> 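Mind having a look at this structure? Questions to follow.
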Number of protein chains: 2
Amino acid sequence: MSQTASIKDVATHAKVAVGTVSNVLNYPDRVSQRTKERVLNSIAELGFVRNDAARQLRAGQSRTIGLIVLDVGNPFFSSVARAAEDAAAALGSVVLVGDSGQDASREAHYMDLFQEQRVQGLLLSPVGDVAERIRTLRERGVPTVLLDQLADEDHCSSVSVDDEGGGYLAARHLLDIGRRRLAFVGSPTIRQVAHRLKGAQRAVGEVEGADMEVLDSAGQTVLAGRQVGNALVERGPAGRPDAVFCSNDLLALGVMQSLAMLRTIRIPEDVALIGYDDIDFAISAVVPLSSIRQPTEALGRTAIELLNEEQESGGTKHRAVVFTPELVVRESTAGSRS
Amino acid sequence: MSQTASIKDVATHAKVAVGTVSNVLNYPDRVSQRTKERVLNSIAELGFVRNDAARQLRAGQSRTIGLIVLDVGNPFFSSVARAAEDAAAALGSVVLVGDSGQDASREAHYMDLFQEQRVQGLLLSPVGDVAERIRTLRERGVPTVLLDQLADEDHCSSVSVDDEGGGYLAARHLLDIGRRRLAFVGSPTIRQVAHRLKGAQRAVGEVEGADMEVLDSAGQTVLAGRQVGNALVERGPAGRPDAVFCSNDLLALGVMQSLAMLRTIRIPEDVALIGYDDIDFAISAVVPLSSIRQPTEALGRTAIELLNEEQESGGTKHRAVVFTPELVVRESTAGSRS
DNA sequence: CGTACCAACTGAAACGATTCAAAGACATAT
DNA sequence: ATATGTCTTTGAATCGTTTCAGTTGGTACG
């Protein structure tokens with residue numbers, strides 16, 4: 001029926017030139033009160049809605065920012081995404097969220113997609129090695145900010161949290177409450193996880209007689225955690241660590257589920273457990289979960305800020321912001337045993 | 001520097017007409033092997049990337065589907081969103097997710113935005129009264145499928161879960177384990193919540209001597225739940241209900257946190273607690289949470305299917321799919337007291 | 001009265017893809 | 001040699017905006 005009215009239809013209806021209609025929309029001050037009213041009436045009458053594709057084509061750039069995360073189901077990322085959306089909205093932009101699911105090919109797919117959309121910029125929590133890709137993107141006018149991963153400052157901007165420091169904090173805490181046989185659970189192929197592991201190893205190295213084994217998990221989800229937990233249960237009391245540090249809270253909750261299933265293993269008495277991210281659900285776990293808190297809102301907000309700086313500088317100036325994580329102690333690591 | 005090469009640049013570089021380049025991209029069979037190779041080489045050499053805005057402008061429609069949810073932070077919605085994304089990807093479309101935060105104006109904002117983008121279609125979990133709006137959208141060629149809310153079939157397609165049935169299931173279960181003083185927690189201004197409440201009231205009406213009070217929560221989050229929980233704690237044992245039905249799991253987890261803080265209230269002995277949605281975290285709660293499970297993947301997948309049907313029928317045929325929820329019993333409502 | 005200036009408005013030219021009628025090239029049949 | 005058909009390629013027209021040089025009409029000033 002009416003399908004969609006174009007700016008030309010509005011112009012005809014209001015008996016003005018198309019340029020005038022465009023001005024009403026974009027530079028209201030350039031238009032006299034009388035004509036403005038006439039045009040606005042016609043717009044309402046015809047139900048005109050701007051065609052963003054046409055505007056974008058002419059403008060050469062969209063009002064869209066691409067965001068690629070490792071897992072939207074992870075509250076850490078959804079929290080960062082929300083903060084980024086809010087910050088972008090304040091600047092009149094929209095954030096498009098893509099989920100790479102820690103898969104390099106899906107990541108590449110979204111990068112292609114965003115490039116086709118000529119996004120204003122890209123926020124990326126990378127899986128694979130993207131340095132080269134980011135360079136070409138910048139050459140083509142798409143600034144990129146690395147999210148949750150430190151970047152070389154003269155190469156690319158980034159917002160991250162000190163993962164090694166966080167790892168150290170977590171392990172140090174487990175050692176402080178008297179544990180000596182630690183286990184680290186995570187997928188060290190993910191850079192953030194590798195850093196957390198490194199920090200934890202440093203803490204372990206500082207304490208005589210302490211050691212830590214590394215349990216590679218298949219993914220970073222509750223399910224993956226449950227699998228690791230089951231493996232631990234099967235080992236029997238003698239072979240089990242007395243403290244477990246999981247590289248994120250989902251894993252930790254999964255491990256906790258498995259351990260708690262066997263009523264004989266007590267948390268924290270037999271096994272202390274600490275996670276990472278401090279998601280909302282950590283506090284309401286079977287045993288409230290100790291964790292490392294990351295400033296998610298600040299991450300999202302700052303990422304947008306840096307993107308803005310990149311745009312304004314034409315992609316020449318880069319800045320790397322690093323936030324400091326914070327230890328949150330709850331029951332899962334309460335008290336000391338010794 | 002190179003900024004972005006256009007199809008025209010590629011044509012010049014490969015010494016062919018622009019139409020040929022377009023054909024290589026869209027109808028490879030129409031082009032001879034030799035020219036195809038030449039063109040593909042030029043594309044690679046110039047680093048050409050299709051401009052989606054231009055394509056869309058010409059095509060009149062985008063390959064984008066809009067999805068507006070009440071809260072992306074809620075695992076229920078993020079799970080539905082992910083399923084929808086996967087289903088859309090299989091059809092070569094992308095899903096754009098907007099978060100209304102249960103705010104009618106933000107909802108309207110996203111609807112405007114998506115309309116400007118000329119999305120293929122809209123999946124909407126509505127806050128306000130959108131019937132009129134949906135009608136105009138369809139007139140303009142944007143089919144809409146209601147998500148998580150039943151629609152009048154000769155008006156609009158929808159995918160939903162039988163909320164009243166779910167509410168009945170939950171309350172009936174509380175009554176079955178011997179509870180008589182129920183409380184319902186939620187914001188009945190949200191339609192889904194109102195239906196769950198209605199179902200619960202039906203169940204209560206069937207049992208002699210049972211009653212249920214309604215506690216209005218400010219929102220549907222863990223935080224809102226904690227507030228309600230604190231209020232319950234302050235009442236003292238005599239004034240407290242012996243069973244609480246929360247309209248979603250986030251609320252239930254919040255209530256649980258508050259109640260568990262006071263070590264004197266035992267779950268389920270003193271207060272039985274049941275949530276709704278069966279999110280992943282329900283099982284790992286302090287006291288594993290009973291809940292009503294909704295088939296989130298099926299919801300997301302079916303929503304995309306229905307959208308497709310709408311498109312193919314030109315928005316004339318509508319279908320309303322209703323799924324049946326399922327009771328999941330865990331410790332928070334275990335055993336009987338009487 | 002002539003000149004300058006200003007605000008308001010006009011309308012054609014981009015933007016970069018897709019589409020499609022038409023032309024070209026070549027082989028086969030008559 | 002001509003006609004017919006198939007396969008490939010061409011390039012202008014189109015989509016709906018924004019932009020910008022240029023026109024119009026009116027007011028102010030000397």
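Bear in mind that the values here come from a model prediction, so they are computed numbers and not experimental data.
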> Show which side-chain atoms of residues 64-76 of chain A pair as donor or acceptor with protein atoms under 3.5 Å away, not counting sequence neighbours.
residue	atom	partner	partner atom	Å
Asp71(A)	OD1	Gly73(A)	N	2.8
Asp71(A)	OD1	Arg82(B)	NH2	2.8
Asn74(A)	OD1	Phe76(A)	N	2.8

> Please check the phosphate of dG16(C) (OP1 and OP2 only) for any side-chain N or O of Ser6(B) closer than 4.0 Å.
no

> How close or far is atom P of dC15(C) from atom CD of Gln117(A), stated in whole angstroms?
21 Å

> Angle, rounded to 10°, between the helical axes spanning five pairs at each terminus of the helix from dC1(C)-dG30(D) to dT30(C)-dA1(D)?
60°

> Under 4.0 Å from OP1 or OP2 of dT19(C): is there any side-chain N or O of Tyr27(B) that close?
yes

> Could you tell me the boundaries of the chain B footprint on DNA chain D, defined by atoms under 4.0 Å from its heavy atoms?
dT8(D) to dG16(D)

> If you restrict it to nitrogen or oxygen atoms, what contacts under 3.5 Å exist between nucleotides 22-27 of chain C and the protein, and what is each distance?
none

> Taking CD from Gln56(B) and P from dA17(C), how many angstroms apart are they, rounded to a whole number?
13 Å

> Measure CG/Leu25(B) against P/dT19(C) and give the value in whole Å, please.
12 Å

> What pairs meet the side chain to side chain donor-acceptor pair (under 3.5 Å) rule with one or both residues in residues 128-137 of chain A, with sequence neighbours excluded?
Asp112(A)-Arg133(A), Gln115(A)-Arg133(A), Glu132(A)-Arg135(A), Arg135(A)-Glu139(A)

> Search all heavy atoms of Thr296(B) against all heavy atoms of Ala83(B) and return the closest pair with its distance.
O-CB, 4.2 Å

> Using a cut-off of 4.0 Å on non-hydrogen atoms, how would the nucleic acid contact of Val21(A) be classed: base, sugar-phosphate, or nothing?
nothing

> If a pair satisfies salt bridge (Lys or Arg N to Asp or Glu O under 4.0 Å) and one of its residues is in residues 298-309 of chain B, list it, with sequence neighbours excluded.
Glu309(B)-Arg319(B)

> Just by modelled atom types, is the His155(A) backbone N or O under 3.5 Å from a matching donor or acceptor in the Arg138(A) side chain?
yes

> Rounded to the nearest 0.5 Å, how far does CG of Asn51(B) lie from CD1 of Ile7(B)?
10.5 Å

> How close do Val127(A) and Ser100(A) get, heavy atom to heavy atom, and via which atoms?
CG2-OG, 3.5 Å

> Any chance you could list the contact pattern along nucleotides 4-14 of chain C? Use B for base contacts, S for sugar-phosphate-only contacts and - for none, protein heavy atoms under 4.0 Å, 5' to 3'.
----SSBBBBB

> Over all strands shown, is Asn26(B) touching base, sugar-phosphate only, or nothing at heavy-atom distances under 4.0 angstrom?
sugar-phosphate

> What are the two closest non-hydrogen atoms of Ser157(B) and Glu310(B), and how far apart are they?
OG-OE2, 2.8 Å

> Going by the rule side chain to side chain contact (heavy atoms under 4.5 Å, CB included), which residues pair with Gln61(B) if we only count those two or more places apart in sequence or in a different chain?
Gln120(B), Gln311(B)

> The criterion is side chain to side chain contact (heavy atoms under 4.5 Å, CB included); which residues satisfy it with Lys8(B), sequence neighbours excluded?
Ser6(B), Val18(B)

> Report the residues that fulfil side chain to side chain contact (heavy atoms under 4.5 Å, CB included) with Ser313(A), sequence neighbours left out, ordered by chain and then residue number.
Thr316(A), Lys317(A)

> I need the full list of salt bridge (Lys or Arg N to Asp or Glu O under 4.0 Å) pairs touching residues 38-62 of chain A, with sequence neighbours left out, sorted by first then second residue.
Arg50(A)-Glu116(B), Asp52(A)-Arg55(A), Asp52(A)-Arg63(A)

> For the pair made of CG in Asn51(A) and P in dC15(C), what is the distance, rounded to whole Å?
18 Å

> Which one of Leu147(A), Leu137(A), Val130(A), Asp148(A) satisfies the side-chain contact (heavy atoms from CB on, under 4.5 Å) criterion with Leu124(A)?
Val130(A)

> Rounded to the Å, how far apart are Glu116(A) CD and dA17(C) P?
10 Å

> Quick one: side chain to side chain contact (heavy atoms under 4.5 Å, CB included) partners of Ser158(B), sequence neighbours excluded?
Leu146(B), Leu150(B), Ala151(B), Ala320(B)

